[in-house]
Every structure is written in C-alpha cells, then in structure tokens.
Asker: 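If you scroll down you'll find the structure; I have some questions about it.
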Amino acid sequence: MNVAINDHFDRIEAVLIDSPVVLTYQIISREVGPSDGKLRVRATFVDGSNAEFFQFIIQANDEILAKKYSYHWQYQDAALRQRWDNAPHHFSLANAPHHIHLADGRIVTARPVLGLIEVLQFITDEVTK
C-alpha cells in the first residue's frame with residue numbers, strides 16, 4: 001500500500017466529513033496499490049444536489065498526479081450542474097484533455113485543473129451563495 005496515496009484519500013474524506021454543505025457521503029470504492037490508487041465517492045449536499053467523484057491517481061516521485069478523473073455534480077432532478085473531467089476528447093480546447101461541462105451545454109477549458117478537494121470547495125462556495 002502506498003502511504004502518500006492513502007493519506008491523500010484520507011484528506012479527501014476529512015474534507016467531506018468537515019464540510020458544512022455535505023449532507024451525506026458514501027465511499028463506493030477505495031483501492032490503494034503500491035504506486036496508484038482509485039477512489040469513487042457519492043455525496044449529497046444540503047441544497048439537494050448530489051455528485052459522483054472518481055479519481056485514478058499515481059505517485060510520481062513526491063507528487064500525487066491525477067491520471068484520470070471525473071467530478072460530476074448535478075441538481076436534485078439529475079440535470080447537470082457541472083462536470084470536470086479529463087476524458088480524451090475536446091482536444092481543440094486549451095489545456096486538453098482537461099475540460100469542464102457546464103449546465104448550459106458549453107464545454108470549456110479547465111484552467112487551472114482542479115483536484116477533488118478544490119472541487120469540493122467550489123461546490124461549497126456555490127451551495128452557500
């Protein structure tokens with residue numbers, strides 16, 4: 001088991017626990033290997049919106065890098081609110097493959113690329129507006 005990746009996932013769970021806007025969350029899967037890890041989480045927020053987060057990360061030297069990720073946030077009625085991902089499409093965008101799907105259907109560049117903790121902070125700011 002990779003201690004740095006395990007600690008990274010522990011920090012994400014601590015943010016979920018401490019968040020004033022997370023009503024409930026569930027760790028769907030958490031796998032930590034010698035050099036990589038996968039995390040899948042579902043969360044419901046106090047405004048009724050919900051999200052599914054996925055990360056596949058690796059440790060390269062002393063750095064944790066997201067090789068694949070998708071952070072999907074939706075309204076209570078399941079309509080998309082916003083999704084951050086790095087699926088290999090939309091290569092015409094700056095900083096591809098990192099991009100954001102917006103509720104109005106637009107797809108924009110993800111700059112800077114946000115990690116899951118930063119996305120949780122973004123959602124917290126939006127829910128508390």
Asker: If you take all heavy atoms of Pro97 and Pro88, which pair is closest and at what distance?
Answerer: CB-CA, 4.2 Å
Asker: What's the verdict on side chain to side chain contact (heavy atoms under 4.5 Å, CB included) for Ile5 and Ile64, showing C-alpha distance, side-chain angles and the deciding distance?
Answerer: CA-CA 7 Å; Ile5 290 173; Ile64 300 293; 3.7 Å; yes
Asker: Could you list the cluster mates of Leu65? Members are the ILVMFWY residues connected by side-chain heavy atoms closer than 4.5 Å, either directly or through other members.
Answerer: Phe54, Phe56, Ile58
Asker: Looking only at non-hydrogen atoms, find the nearest pair between Ala110 and Val113 and report the distance.
Answerer: O-CG2, 3.6 Å
Asker: Could you state the interatomic distance from OG1 (Thr128) to CD1 (Ile123), rounded to the nearest 0.5 Å?
Answerer: 11.5 Å
Asker: Within the supplied structure, the quantity of interest is the number of heavy atoms (other residues, nucleotides, ligands) at a distance under 6.0 Å from Glu118 CD; does it exceed 12?
Answerer: yes
Asker: For residues Tyr71 and Leu116, report the shortest heavy-atom separation together with the two atoms involved.
Answerer: OH-N, 3.5 Å
Asker: Name all residues meeting the side chain to side chain donor-acceptor pair (under 3.5 Å) criterion together with Ser19; count only those two or more places apart in sequence or in a different chain, and write none if there are none.
Answerer: none
Asker: Taking C-beta and beyond as the side chain, do Thr44 and Gln26 meet within less than 4.5 Å on heavy atoms?
Answerer: no
Asker: Scan for ring pair (Phe, Tyr, Trp, His ring centres under 6.0 Å) pairs involving residues 1-21, sequence neighbours excluded, and state none if there are none.
Answerer: none
Asker: Have a look at Phe53 and tell me which of Ile28, Ile12, Val119, Leu39 forms a side chain to side chain contact (heavy atoms under 4.5 Å, CB included) with it.
Answerer: Val119
Asker: Name all residues meeting the side chain to side chain donor-acceptor pair (under 3.5 Å) criterion together with Asp62; count only those two or more places apart in sequence or in a different chain, and write none if there are none.
Answerer: none
Asker: Do Leu80 and His72 come close enough that some side-chain heavy atom pair is under 4.5 Å?
Answerer: yes
Asker: Please list all pairs meeting ring pair (Phe, Tyr, Trp, His ring centres under 6.0 Å) that have one or both residues in residues 96-129, counting only residues at least two apart or in different chains.
Answerer: Tyr69-His98, Trp84-Phe122, His89-His99, His90-His99, His90-His101, His99-His101
Asker: Considering residues at least two apart in sequence or located in another chain, which fulfil the side chain to side chain contact (heavy atoms under 4.5 Å, CB included) criterion with Glu52?
Answerer: Arg40, Arg42
Asker: Residues two or more places apart in sequence or in another chain: which of them pass side chain to side chain contact (heavy atoms under 4.5 Å, CB included) with Ala78?
Answerer: Gln74
Asker: Under the side chain to side chain donor-acceptor pair (under 3.5 Å) test, which residues partner Asn61, sequence neighbours left out?
Answerer: none
Asker: Applying side chain to side chain donor-acceptor pair (under 3.5 Å), can you list everything that pairs with Gln82, at least two apart in sequence or on another chain?
Answerer: none
Asker: List for me each residue that meets side chain to side chain contact (heavy atoms under 4.5 Å, CB included) alongside Gln121, sequence neighbours excluded, and say none if there are none.
Answerer: Thr124, Asp125
Asker: In the single-linkage hydrophobic clustering (I, L, V, M, F, W, Y; side-chain heavy atoms under 4.5 Å), do Val32 and Ile27 co-cluster?
Answerer: yes
Asker: If you look at every heavy atom in Val22 and Phe45, which pair is closest and at what distance?
Answerer: CG2-CE2, 3.7 Å
Asker: Atom CZ of Arg81 and atom CG of Asn50: how far apart are they, to the nearest 0.5 Å?
Answerer: 10.5 Å
Asker: Where the side chain of Arg30 meets the backbone of Asn6, is there a donor-acceptor pair that is under 3.5 Å apart?
Answerer: yes
Asker: Run the side chain to side chain contact (heavy atoms under 4.5 Å, CB included) test against Ser70 and tell me which residues pass, sequence neighbours left out.
Answerer: Arg83, Asp85
Asker: Are Val108 and Leu114 connected into the same hydrophobic cluster when the rule is that any two of I, L, V, M, F, W, Y join if their side-chain heavy atoms are below 4.5 Å apart?
Answerer: yes
Asker: So which residues get pulled into Leu93's cluster when ILVMFWY side chains under 4.5 Å apart are joined, directly or through others?
Answerer: Ile107
Asker: Hey, any chance Ile17 and Val46 share a hydrophobic cluster, counting ILVMFWY side chains that come within less than 4.5 Å of each other, even indirectly?
Answerer: yes
Asker: Checking side chain to side chain contact (heavy atoms under 4.5 Å, CB included) between Lys38 and each of Lys68, Lys67, Gln55, Glu31, which is the one that passes?
Answerer: Glu31
